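Just so we're clear, the structure is a prediction, and the values are computed from it rather than from any experiment. Heads up: numbering here begins at 1 and tracks the sequence.
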Amino acid sequence: MTLASKLVLLFALLVLSFNHIEAKMKITRMQFYMHDVVGGPNPTAVRVAGRSNFTGTNPIEAMFGSIFIMDNPLTATPNPNSTVLGRAQGIYAMSSKETEFSLLMTLTYGFISGPYNGSSFSVIGRNPVMSEVREMPVVGGTGMFRLARGYCLAKTYSMDQMDAIIGYNVTLIH
C-alpha cells in the first residue's frame with residue numbers, strides 16, 4: 001500500500017468517525033429569566049472595580065471600566081418568586097466608552113433543579129444591552145451539556161434603574 005493510499009484511507013476513517021460523533025449530538029432549546037439586581041438591600045450583582053475620577057457628563061462614559069461580580073437567580077418565568085432553575089455566576093464589565101451601553105460578559109449558567117439539574121453552560125462575549133435582542137456565543141458546558149456550543153438570545157423583559165429581568169432563549173448543541 002502506497003503512502004498516498006494510506007493517507008486517503010486515514011482521511012476516510014476520520015470523516016466517518018466525525019460523522020458518527022455528529023450523529024450522536026443533541027440539540028437542546030430552553031427558555032428562562034435572569035434577575036440582575038444591582039440596587040437595594042440584597043443585590044445579586046456588585047460593582048467591584050471602576051473609575052472614581054470621572055468628571056464628564058456622559059453617563060455611559062462614567063460607567064466605562066466598571067466591573068461587576070454576579071450571582072443572579074434564573075427562574076422559569078419573569079416573576080422573581082417563580083421556580084428557581086439555577087444561577088448565573090460570573091463577571092461583566094462596562095466595555096463601551098462613548099455612545100453604546102455595552103457589556104463584556106463571562107458567565108456560567110448553572111442549573112440546580114429541573115431536567116438540567118447539575119449541568120451548566122458558559123457564555124463569553126459582548127452584550128449591547130440597549131439592543132432589543134442580543135446574540136451571545138455558548139462556548140462550553142458541563143454535565144449533560146459537556147462540550148456544548150451554541151448561542152443564546154437575550155431580551156430585556158423589564159428594567160428599573162440598573163436592575164433588570166432578562167429573558168433568555170438558548171440553543172445548545174452537545
If you look only at pairs with a residue in residues 155-174, which of them pass as a salt bridge (Lys or Arg N to Asp or Glu O under 4.0 Å), with sequence neighbours excluded?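 Sorted result for residues 155-174: Glu132-Lys155.
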Inter-residue atom distance [X].[atom1] - [Y].[atom2], 0.5 Å rounding:
X: Ile173; Y: Tyr151; atom1: CD1; atom2: OH; result: 8.5 Å
X: Ser102; Y: Met94; atom1: OG; atom2: CE; result: 10.0 Å
X: Leu74; Y: Gln31; atom1: CG; atom2: CD; result: 12.5 Å

Report yes or no: do Thr77 and Ser82 form a side-chain donor-acceptor pair below 3.5 Å?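 The criterion, which ignores hydrogens and geometry beyond distance, is satisfied for Ser82 and Thr77.
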His35 versus Thr44, side-chain donor and acceptor atoms under 3.5 Å: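 Their side chains do not contain a donor-acceptor pair, so the 3.5 Å distance test is not met.
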Between Met70 and Val170, is there shared hydrophobic-cluster membership here, with clusters defined by ILVMFWY side-chain heavy atoms closer than 4.5 Å?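 In one cluster: yes.
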State yes or no: do Val129 and Tyr33 share one hydrophobic cluster built from I, L, V, M, F, W and Y residues joined by side-chain heavy-atom distances below 4.5 Å, directly or via other members?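 No, Val129 and Tyr33 fall in different hydrophobic clusters.
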Can you check whether [X] reaches [Y] side chain to side chain, under 4.5 Å on heavy atoms?
X: Ile124; Y: Pro137; result: no
X: Phe145; Y: Phe111; result: yes
X: Ile67; Y: Ile91; result: yes
X: Ile165; Y: Met34; result: no
X: Ser66; Y: Arg51; result: no
X: Thr75; Y: Leu85; result: no
X: Phe121; Y: Val138; result: yes
X: Met25; Y: Arg149; result: yes

In residues 103-110, what donor-acceptor pairs under 3.5 Å come from side-chain atoms, sequence neighbours left out?
residue	atom	partner	partner atom	Å
Thr108	OG1	Ser122	OG	2.9
Tyr109	OH	Tyr168	OH	3.0

Side chain Ser95, main chain Gly65, donor-acceptor under 3.5 Å: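 A pair under 3.5 Å: no.
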Taking atom [atom1] of [X] as the centre, report whether more than 12 heavy atoms of other residues, nucleotides or ligands fall under 6.0 Å from it.
X: Tyr157; atom1: OH; result: no
X: Ile69; atom1: CD1; result: yes
X: Met130; atom1: CE; result: no

Can you list the residues that meet the side chain to side chain contact (heavy atoms under 4.5 Å, CB included) rule with Met144, with sequence neighbours excluded?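 Residues passing side chain to side chain contact (heavy atoms under 4.5 Å, CB included) with Met144: Lys26, Tyr116, Ser119.
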Partners passing side chain to side chain contact (heavy atoms under 4.5 Å, CB included) against Pro43 (at least two apart in sequence or in another chain):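 Scan of Pro43 (side chain to side chain contact (heavy atoms under 4.5 Å, CB included), adjacent residues dropped) gives Val46.
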Minimum heavy-atom distance between Gly39 and Val37, given as atom pair plus value: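 That closest heavy-atom pairing would be O-CG1, 3.3 Å.
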Kindly write out the residues that satisfy salt bridge (charged side-chain N to carboxylate O under 4.0 Å, His left out) with [X], not counting sequence neighbours, or none if the list is empty.
X: Arg146; value: none
X: Arg134; value: none
X: Glu135; value: none
X: Lys97; value: none

Once side-chain hydrogen bond (donor to acceptor under 3.5 Å, both in side chains) is applied, do any residues pair with [X], and if so which ones, sequence neighbours excluded?
X: Thr142; answer: Ser120
X: Asp36; answer: Asn72, Tyr92
X: Asn117; answer: none
X: Gln89; answer: Asp71

